[in-house]
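Notes for the one structure printed next.
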Amino acid sequence: MTTKTHSSIGLTETKIYQCPTDKKSIVSRVSVANISDSSTTFNIGYYNSLDNSTVYFIKNGVLDSGQNHIAISSSGTLSVAANDYITVMSNIDSSIDAIITYEESDV
């Protein structure tokens, strides 16, 4: 298992994980926290490269200052194929920290 953190995500959609072309992976955790002093609106998206489409775990979700949201937890995992990715974005600059945990394996 690998865990990565991303800090101060804001107005630009940020890829917090992209599955390498020669791998597949299981994502077991995606969580975000509002680190700003005010309420923020955020999106967590999943891009499926095979379908060339994005679906959202949450779109226009609202977090008060200091709150967190868990989109994926160990009780519900996500299989991710090569070149698929997960993004996070907020309506306030530098307002979101994100954590993602995944395990990659060869295709």
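Remember, predicted model here, so these are calculated numbers, not experimental data. What's counted below: heavy atoms across the whole structure, side chains too, no hydrogens, waters or symmetry copies.
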Open item on the list: Looking only at side-chain N and O atoms, does D97 offer a donor or acceptor that is under 3.5 Å from a partner on S8?
Closed with: no
Open item on the list: Does F57 form a side-chain contact (heavy atoms from CB on, under 4.5 Å) with L78? I'd like the steps, not just the answer.
Closed with: CA-CA 11 Å; F57 296 108; L78 173 69; 3.6 Å; yes
- [ ] Flag yes if Y46 and L50 sit in one hydrophobic cluster, no otherwise; membership is Ile, Leu, Val, Met, Phe, Trp, Tyr, and two members link when side-chain heavy atoms are under 4.5 Å apart.
- [x] no
Task: Spacing of CE belonging to M1 relative to OG belonging to S28, to within rounding of 0.5 Å - done: 3.5 Å
- [ ] Verify, without hydrogens or angle tests, whether N60 (side chain) and T41 (backbone) share a donor-acceptor contact under 3.5 angstrom.
- [x] no
Open item on the list: Surrounding NZ of K23 (heavy atoms of other residues, nucleotides or ligands, distance under 6.0 Å), is the total greater than 12?
Closed with: yes
Open item on the list: Against I16, only a single residue in V88, I99, I96 fulfils side-chain contact (heavy atoms from CB on, under 4.5 Å); can you say which?
Closed with: V88
Open item on the list: Pair E104, Y17 - check side-chain contact (heavy atoms from CB on, under 4.5 Å), show working.
Closed with: CA-CA 11 Å; E104 292 177 344; Y17 175 70; 2.7 Å; yes
Task: Side chain to side chain, I100 and V30, heavy atoms closer than 4.5 Å - done: yes
Open item on the list: Looking at D37, I'd like to know if its CG atom is crowded, meaning that more than 12 non-hydrogen atoms belonging to other residues, nucleotides or ligands lie closer than 6.0 Å.
Closed with: no
Open item on the list: I need the minimum non-hydrogen distance between A81 and C19, along with the two atoms involved.
Closed with: O-CB, 3.2 Å
- [ ] Using only heavy-atom distances, determine whether the side chains of Y102 and T3 contain a donor-acceptor pair under 3.5 Å.
- [x] no
- [ ] Indicate whether the side chain of S38 and that of S65 have a donor and an acceptor atom separated by less than 3.5 Å.
- [x] no
Open item on the list: To the closest 0.5 Å, what do you measure between CD1 (I44) and CD1 (I70)?
Closed with: 10.0 Å
Open item on the list: For V62 versus F42, what's the shortest heavy-atom pair and its separation?
Closed with: N-CE2, 3.8 Å
Open item on the list: Distance check, rounded to the nearest 0.5 Å: T77 atom OG1 versus R29 atom CZ?
Closed with: 14.0 Å
Open item on the list: Applying the side-chain hydrogen bond (donor to acceptor under 3.5 Å, both in side chains) criterion to Y47, which one of N52, T54, T87, D84 satisfies it?
Closed with: N52
Task: Reported CG-to-CG distance for the pair N91 and N43, which is rounded to 0.5 angstrom - done: 9.0 Å
- [ ] Indicate yes or no for a side-chain donor-acceptor contact from D51 to the backbone of S53 under 3.5 Å, with no hydrogens or angles considered.
- [x] no
- [ ] Mind running side-chain contact (heavy atoms from CB on, under 4.5 Å) on V80 and K24 for me, showing each step along the way?
- [x] CA-CA 6 Å; V80 179; K24 60 183 177 179; over 6 Å; no
Task: Spacing of CG belonging to N34 relative to OG1 belonging to T40, to within rounding of 0.5 Å - done: 5.5 Å
Task: I92 CD1 to M89 CE distance, which is reported to the nearest 0.5 Å - done: 12.0 Å
Task: Step-by-step side-chain contact (heavy atoms from CB on, under 4.5 Å) determination, V32 to N68 - done: CA-CA 5 Å; V32 296; N68 72 334; over 6 Å; no
Task: Minimum heavy-atom distance A82-S49, with the two atoms named - done: O-OG, 3.1 Å
Open item on the list: Using a 3.5 Å distance criterion without hydrogens, assess whether the side chain of S25 forms a donor-acceptor pair with backbone atoms of S105.
Closed with: no
